[in-house]
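Worksheet: the structure to be examined is printed underneath.
Each chain gets a letter, A, B and so on, in the order the sequences are listed, and its residues count up from 1.
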Amino acid sequence: MSSVNVLLPQQATILDITEETPDIKTLRVVGKEGLPFDFMPGQCAMLSIPPVGEAIFSITSSPTCRECLEFSIKDVGKVSSALHSVVPGQQIGIRGPYGNGFPVDEMKGKDLLFIGGGIGLAPLRSLIGYCFAHREDYGKIDIVYGARSPADLIRKSEVQESWAEEPNTDVHLTVDAEFPGWDKNVGFVPTYVSDLGFKPENKIAITCGPPIMIKFVLQALEKLNFTPDQVITTLEMRMKCGVGKCGRCNLGPVYVCKDGPVFTLEELNALPAEY
Amino acid sequence: MPRTGVFICHCGSNIAGTVDIDQALEASRNFPGVVHADEYRYLCSEVGQDIIKKAIEEYNLDRVVVGTCSPRMHENTFRKAAAEAGLNPYLLEVANIREHCSWVHKDMEVGTPKAIALLRAAAAKAALNDPLEAPELDVEKRALVIGGGIAGIQAALDIAEAGYIVDLVEKDPSIGGRMAQLEKTFPTLDCSACILTPKMVEAAQHPNINLMTYCEIDEVKGFVGQFDVTIKQKARYVDPVKCTGCGICWEKCPSKTPSEFEMGMTKRKSIYVPFPQAVPMIPVIDRERCLYFKKGRCQICEKECPPQAIDYEQQDEYIERRYGAIVVATGYDQLDPSVYGEYGYGQHPDILTGLEFERLFNASGPTGGKVVRLSDGKPPKKVVFIQCVGSRDKARGMNYCSKICCMFTAKQAILLKEKVPEAKSYVFYIDVRTAGKGYEEFQRRAAEEYDVAYMRGQVGKIFPEDDYLVVRGVDSLSGRNIEIKADMVVLAAASIARHDAPDLGRLIGINSDSYHFFNEAHPKLKPVETHTAGIFIAGACQAPKDIPDSVAQASAAAVKAVGLLSKEKLLGEACTAEVDHSQCSGCLNCEAICPYTAITPVELEERYKDGTLQRTVAEVNPALCQGCGSCTVTCRSGSINLKGFSNEQILAEVDAICLQR
Amino acid sequence: MAERNLDSVKKIREAVSQDLLGGRISQVLGWEKGHYWWQSRPLFARSEADLEKLTWDSFCVINLSRYLLEELKDHEKVGVLVKGCDARAFNRLLQDNMVKREQVILYGLPCPGMLDYNRLCEEAGAVPDGIVENNGTVVLKTDGGEKEVQREDIMLDKCRECVYPDPAAYDQMLLSPQGEREAAERFKPVEELEELPADERFAYWEKELSRCLRCYACRQACPFCSCRECFVEQENPRWQGRAYQPSENFMFHLVRAYHGTGRCIDCGECERSCPVDIPLQELNRKLIKDINELYGDYEAGLDAEAEPPLLTYRPDDPAAFSEK
Amino acid sequence: MKKIIAREKLPELWKSLSELGPLFLPVQEGPVVLFQPWQEGAETNLDTTNTAVPPKDLFLPREETYMQYRCKGKELEVIPAEEVKPAVLFGVHPCDLYAVEMLDKVYMEQDPPDELYKKRRENTTIVALSCASPDPFCFCNDFDVNPAEAPGTDVMAQLKNGSVLLEAKTDKGKALLEQAGDLLEDGSGEEFARREVKTADFNLKLDGLPEDLKNRFEDPVWDELFKSCLGCGVCTYVCPTCYCFDVEDFGHEAGGERFRCWDSCMYGHFTEMAGGHNPRPGRKERVRQRFMHKLRYYPETFGQIACVGCGRCLRSCPVNLDIVQAIQALGGETVEQR
Amino acid sequence: MSAALNDNTAGWEPLIVSFCCNWCSYAGGDLAGTSRMTYPANVKVIRVPCSGRINPMFVLRAFQRGADGVLVAGCHPGDCHYTSGNYQSRRRLSAFKRLVEFAGFEPERFEVRWISSSEGDKFAEEMTEMTEKIKALGPNGKMRDARWQSVI
Ligand SMILES: Cc1cc2nc3c(=O)[nH]c(=O)nc-3n(C[C@H](O)[C@H](O)[C@H](O)COP(=O)(O)OP(=O)(O)OC[C@H]3O[C@@H](n4cnc5c(N)ncnc54)[C@H](O)[C@@H]3O)c2cc1C
Ligand SMILES: Cc1cc2nc3c(=O)[nH]c(=O)nc-3n(C[C@H](O)[C@H](O)[C@H](O)COP(=O)(O)OP(=O)(O)OC[C@H]3O[C@@H](n4cnc5c(N)ncnc54)[C@H](O)[C@@H]3O)c2cc1C
Ligand code: SF4
Ligand code: SF4
Ligand code: SF4
Ligand code: SF4
Ligand code: SF4
Ligand code: SF4
């Protein structure tokens, strides 16, 4: 065989599974020998679970983690729910990496503001891990992360303990409503971002979460005088191939699976708003 | 993916003799989602159930498959066991590897693979099982009886005696029904009024019975245990509290109209009670006829009424009540024989129906109890009775036998002979049907002792000549043509459903047969139930019946109603249908098909462009749904699904059975 | 050019413009010419200028009733030009609760039968430059001259076999009725197939269906297919696989046809829409024929009040299996 | 290398060529002509203009199983599909090959290349047939398609007075002609007739259209154009330049297979996401996507409009909504009105 | 039709899927068991509440997955536990049966029977008869999806 069909998955094995929230699990996955492929933060992979099918997920581990790939998966449908039922040692299919990833080089030397909501932390976490591994390349790091309830926050210990202890880093947590035992902020993410009153100077904001959150976060950032080129977000579209051919995920001539899913707001503004 | 446990029962050697249990266990372990498999000699025993319960806890099972006897046998046992271990009982599935496998096959080589296939199917289905909850329904401790004939009265009395409040709703001004119109009753010839009137009075006075005469059912909503019924109390224009039933008003009323009770053979007033023994003895004003209402003057009754009970301002009232159970006892009508032109009914005053003739015997009837011809007031010497007028007539009438005519004809012929000893009766019949205690004897007495001439045959024509009626027919036994010059002809017109039965059925949600008699839920085993849980039928509204049958059925219906009312809570069906509103297009084909009227349309608001849009979708009332699943097939898009037997589950079973590994 | 009775067009325009410009309705669904004289397109007329484009000729084949599913969302009241089959389609939608009668004005157009482009070409031996219609005959004009043919011979199959060319439902009948047609041939292909041995019949269908692209255009065009989500697209359960396996082809076609039991109005739009000309009508008609044979005559769409045969039963119904 | 063969002898040629692999050529299938694998006795039809469905499924099959898998306990074994076998495509018209060139750009030239497509392309020998006469739906003139020449064909063929003249253009083409051996007579003396084919003249203004459409995503044209569309997808299935696909699994507890198959942007489910959100929720958005893809997005990436004027959508759309109508609506009156 | 199917009919045993209503036919099956009647193991029963629950699509799915015959059994007309379920299915399945025959299936491949809960003997007889008829016909390749058993 001369070269490999891009749609063919490799074999991968589930190392272990963490239950993050009632509907999100994090799977740790290895290829036949170590990582199945190299990747950059923000890139994704197609996971297969026969005979159910394939779906695309962000790689949530940092590329600096050489042990395995991690995926945080929310149970929303066929494949995702099948992936929720795997057991350690089970083999699944994987192909990738897909997408452009975050512009880690262009972000160098800047302060970073991460804004995540719910499962939207998944791609951010990879980048956050990467930035911590290259801590000297980046300035102040602020992480705003929210969910509906404390039970819906993923990677809780990591976020609250390890990240908060990193130098020059602040973690700001919020949930939508009061919960017993919750002593952090209460309120929606966009409001919290406004309240925290971040200054746009030399800062890049990276946001990912449910569409409605993104919409209001963008408005909040605009009010805080962030310019579109200072705002980075990732998009979610339906995907089947991951390589820009099956025809589902285009915004005008741009394919989210290939040319995205990471876009600056400036780039997005130039594209048809079909997402 | 579920965590399924599979448990296989040996059933002694009943299963183990034909199914290789080890092999079946081994195969089960490879089914998707199976995390544990075990076996036991008698799974249904305490010990067996404990094995299942322990495993549920130990292996954190969320599905259980048992390979045992028929689910019709022990499904409940195992479901209860699962529930005791904290699992929703509906997460358990039974693979019937005994009745459907080990007992019908001889060899292990045959039984084992089949058992594995059945287990695989059960596991595939179980994986898709959802936890289900049988709905618990409150029971309103009050019953409604519709129709105040003998059947309704009896049902009301029985329910009331058992200690429950009953509303007895009658559309006419008085209860009594058809039986009140009868003179004497076969086969004992006791006087109808003598046995009925006390019952009527008892019903009226019973502390638990709330008599609601001159009322109609306006709307029925809800379901078993909680029927919400709106009853229309038609305005009587007489204050029932003030009225003493003295009768002065109807005596003085100057306006007359044909009496319904007397089959139009005599007149009643515009303010009236239908018959002298009416219960309650409170008149009503016939608004259509009343001179005051029609022309604006008269008001004699108002002037004459001593306690000033007349109230022209009265309005129809709507009463809303909740009932736990409903008994329908709306009785029957008589076919109008004028459709049979050859009998000349309606063209001659001496051609009568059975019910009309019955009234002639009655002391308060149109002739004051004298049996005379309406044309000239002379007693009839020759009376011809014609049977099966409209009954058993495929071509023009009803297919069925009206059941009572043979008997009431015999009765009337006897009564006639007693009243007019010189009278001679002739009966044209197809068959004489006298099934019933003492019936055959009764009829024979008529023929033998009362000189009634029974002639098997049919009447082709009746026409008046001079002052008699010529009846021409054929004696089908001898083939002879017969001609009788009769003074009177009595037609045993078929008993038919009340003309408004289909409307009433629709209103309360029960269905009727093609003759509009109400349908029982099962012709043999559920003769008083209807398909709608909590609604029962009694008397001639189900099919033509005589009084003893009507009363018996009424008591049976009462027992059913009482049984229901005595429950604190009702357990509904857990496996009910369910509509996916996002998919449902609102075609309502499912509504048309549901035998239990469990499906109704509801309106949804949906976002559309910048505004909203109304959309109709179907909705299932889980309290009414019995889980037949017929609707699911009618729904082409599969938008309505049956819990416990869903499309997904059945397809999974098909797939699993067809996966021959 | 397809010359047709200009009077008729004028009459239609007048009638609808009265309602449209008078504000009784806010849109009229009709036809306008397509690129070619033998094509027409749906016209969504909302103004006088739009009405200028309105046409009525022998190529107004597209069934307009289906558009009501969408258009009634945007308009309070819509007018629709309906031929026999369009009106039956309307009744079908009405029976499925998909349209509200009071939201629609139906303008009845008795249909003389629409012409078949392929037949025109065949008869003319080339693509004609145009036609002139006379009473019952049509003159085909080509470079080579003119040829007169019987109208019947160049009609679409579905129109030749149409029994009810007059609208069964309308508020206003705009032209004079055609009367019921004799369509003796309607069930002939079905009967011929019934005669074949089972295996041959299977082979026939396997071959015919092998062309199917499973584009589901047949469904999209069909007035009985008004489901919000068709079984073919459902994920859960997955009734219909997407593969182009013979097995999946049969699944789709048998189920779709079955879904038309007592509901297919025999308009032939499915077959007309099919890009690879699969004889779908034969399947639909098989069911029409059987239902009529088993449960009494029923013509879907003729009477919106009549009870569809699969939504009712009689205790003494016959059965098609060996046991009653 | 030029060869000639009498038309009567073609069945013999088919037979010989089909030894190389399945031979696809226009076959009369009931009322329609389709590219089908040749079989003894097949009713071939070389005189047809365009087949009902383009031959794109030779390279992008309607359904293509590309892997099987076996599951045993926790293990998963992936079994890639067998190698693609050689095939011959005979009698394809130039416009369809222009279209294949467009698919090539997406599937082979754009990174990453699609190996499945590429292998099918490499393993297929193409014999193109020049067009003699267009049918009324053809409008390839508008796209500068030369009806006598076909890009990337291995053999060019022309019907000529009862014969077929064949000229090898590539090594693969030579090999194909050699396979036929003596069946073919030398045709070096024969000339390909010049073909001037005049197709329908819609007078389309295509220059600058892609550029013009760049800021016409919200153009009012879209509010009208889509209305008649049934969303049936026929236009995309019969279009030689459409190429969207879907990926699905078929199987059970023990194993199964994964295939891809045609899909269409005209379908509602195409872009629907978890939770029901759909970026292209209605017919309007889908019709816009289809035409924008052909007239703006594809040109923006690959420098040419993704239509070859084959006319299939004009012929097959059940409601006669087609690309010409779209171009006219976008390029004609509306532009001036704005 | 898949050629492979017809090659080795030697050791072939038909697969028959039977949908039985819970109240009559399934119970009839139970009675056949309790009475120790025998019938071929080729028949495998799926229990449904009522014959009115049988969607023709289930039948087609069985054929796709390799069933050689499908038998639907329900209460005798008039005896339906839900009153009209079998009246409904009689119409639906009659139309459907004729349709599958029209598609080229032999009539024996799809059958409907009324079997009451007291007719254990009839249950066993019908299952036997169905199996024998299908055996005589041979394997059903029509509509069978070869992919189903391709990877085992
Ligand atoms: C000529 C003749 C002679 C007969 N002789 C005998 C005999 O000798 N012995 C014997 O056993 N049987 C005899 N029968 C039969 C007898 O009349 C019936 O068996 C009996 O009357 C049935 O009682 P029922 O309560 O079911 O119905 P009904 O007597 O018809 O009573 C029904 C009641 O319901 C009321 N009703 C109807 N519709 C509504 C509504 N929508 N809402 C509220 N109320 C409603 C009616 O007004 C009526 O009061 C005779 C019948 C006839 C025709
Ligand atoms: C670039 C990218 C990164 C993503 N990263 C993550 C992640 O890290 N964690 C996570 O939980 N989810 C992530 N998602 C979303 C994830 O792909 C979908 O939730 C998943 O595909 C749903 O598949 P399913 O088979 O479970 O659902 P299905 O049963 O197939 O479908 C459920 C619904 O989802 C729709 N759908 C199917 N496939 C997709 C798809 N690829 N995208 C969106 N909708 C789809 C279906 O139309 C249907 O409406 C990401 C999506 C994209 C595009
Ligand atoms: S049949 Fe289906 S689509 Fe129609 S109303 Fe019922 S649930 Fe909805
Ligand atoms: S399952 Fe039966 S009872 Fe329940 S809603 Fe459907 S048709 Fe009615
Ligand atoms: S329109 Fe034709 S090709 Fe498309 S799905 Fe229907 S039958 Fe198949
Ligand atoms: S094929 Fe059936 S499910 Fe699909 S739209 Fe038509 S009727 Fe509905
Ligand atoms: S444009 Fe025509 S062919 Fe294309 S989807 Fe719409 S109706 Fe179908
Ligand atoms: S858009 Fe139409 S004309 Fe153009 S290539 Fe596609 S099918 Fe042919």
Side-chain angles (χ1 to χ4, degrees), chain B residues 124-125 128 394 399 511-515 519 523 579-595 599 601-604 606-618 630-641 646-655 658, chain C residues 66 69-76 91-100 103 219 222-241 247 251-252 254-264 300 304-317:
Chain B
K125 183 182 181 196
L128 298 170
K394 258 193 180 163
N399 282 357
N511 54 19
S512 335
D513 61 24
S514 48
Y515 311 109
N519 261 344
V579 179
D580 178 344
H581 283 172
S582 69
Q583 253 182 48
C584 168
S585 65
C587 71
L588 299 181
N589 287 2
C590 51
E591 185 192 19
I593 216 86
C594 176
I599 302 175
V602 292
E603 294 288 314
L604 278 189
E606 213 173 50
R607 272 221 303 255
Y608 176 68
K609 294 193 177 163
D610 296 328
T612 56
L613 212 62
Q614 286 264 324
R615 185 160 79 79
T616 308
V617 293
S630 201
C631 52
T632 59
V633 184
T634 285
C635 183
R636 302 161 299 285
S637 60
S639 306
I640 188 164
N641 212 343
S646 68
N647 291 329
E648 295 82 338
Q649 288 174 312
I650 296 175
L651 288 178
E653 286 180 273
V654 172
D655 283 2
C658 295
Chain C
R66 236 198 105 101
L69 292 178
E70 288 298 323
E71 294 305 320
L72 291 186
K73 294 183 185 167
D74 294 324
H75 296 268
E76 281 282 308
N91 275 342
R92 175 71 260 155
L93 295 174
L94 198 61
Q95 278 182 305
D96 280 345
N97 223 9
M98 295 294 129
V99 292
K100 294 211 171 73
Q103 266 194 292
R219 174 199 66 189
C222 169
F224 77 63
C225 280
S226 47
C227 299
R228 267 170 84 82
E229 186 167 63
C230 177
F231 78 97
V232 305
E233 267 114 18
Q234 267 160 48
E235 284 285 347
N236 207 6
R238 202 82 174 96
W239 303 102
Q240 174 76 59
S247 158
M251 185 74 177
F252 170 61
L254 294 184
V255 173
R256 196 192 95 80
Y258 173 74
H259 284 179
T261 317
R263 301 160 40 80
C264 168
E305 298 298 316
E307 210 160 33
L310 283 200
L311 296 189
T312 183
Y313 63 87
R314 282 197 323 261
D316 58 346
D317 274 337

List the steps, then state whether side chain to side chain contact (heavy atoms under 4.5 Å, CB included) holds for C:R238 with B:L651. CA-CA 9 Å; C:R238 202 82 174 96; B:L651 288 178; over 6 Å; no

Run B:S585 and C:R228 through side chain to side chain contact (heavy atoms under 4.5 Å, CB included) and show every step you take. CA-CA 5 Å; B:S585 65; C:R228 267 170 84 82; 4.3 Å; yes

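Of the residues considered (B:K609, B:Q649, B:R615), B:R615 shows the highest number of contacts with chain C, using heavy-atom pairs under 4.5 Å. Among B:D580, B:N647, B:L128, the residue making the largest number of heavy-atom pairs under 4.5 Å with chain C is B:N647. Among B:L613, B:L588, B:N589, the residue making the largest number of heavy-atom pairs under 4.5 Å with chain C is B:N589. Each of B:G586, B:S637, B:A652 has some count of heavy-atom pairs under 4.5 Å with chain C, and the biggest count is that of B:S637. Each of C:L93, C:D74, C:L310, C:T312 has some count of heavy-atom pairs under 4.5 Å with chain B, and the biggest count is that of C:D74. Heavy-atom pairs under 4.5 Å with chain C were tallied for B:S639, B:P601, B:C587, B:S646; the largest tally goes to B:C587.
Contact of B:C635 with chain C is not made at all, since no heavy-atom distance falls under 4.5 Å. Of the two parts of C:L311, the backbone and the side chain both hold a non-hydrogen atom closer than 4.5 Å to a non-hydrogen atom of chain B. For C:Q95, the part lying near chain B is the backbone, with the side chain staying farther off; criterion is any non-hydrogen pair under 4.5 Å. Contacts between B:S582 and chain C at a heavy-atom distance below 4.5 Å involve the backbone alone (N, CA, C, O). Neither the backbone nor the side chain of B:E591 has a heavy atom closer than 4.5 Å to any heavy atom of chain C. Proximity to chain B is limited to the side chain of C:Q234, based on heavy atoms less than 4.5 angstrom apart. Contact of C:R263 with chain B is made through the side chain alone, with heavy-atom distances under 4.5 Å.
More than 12 heavy atoms of other residues, nucleotides or ligands sit less than 6.0 Å from atom CD of B:E603. Atom NZ of C:K73 has more than 12 heavy atoms from other residues, nucleotides or ligands within 6.0 Å. The environment of CD in C:E76 is sparse: at most 12 heavy-atom neighbours from other residues, nucleotides or ligands sit within 6.0 Å.
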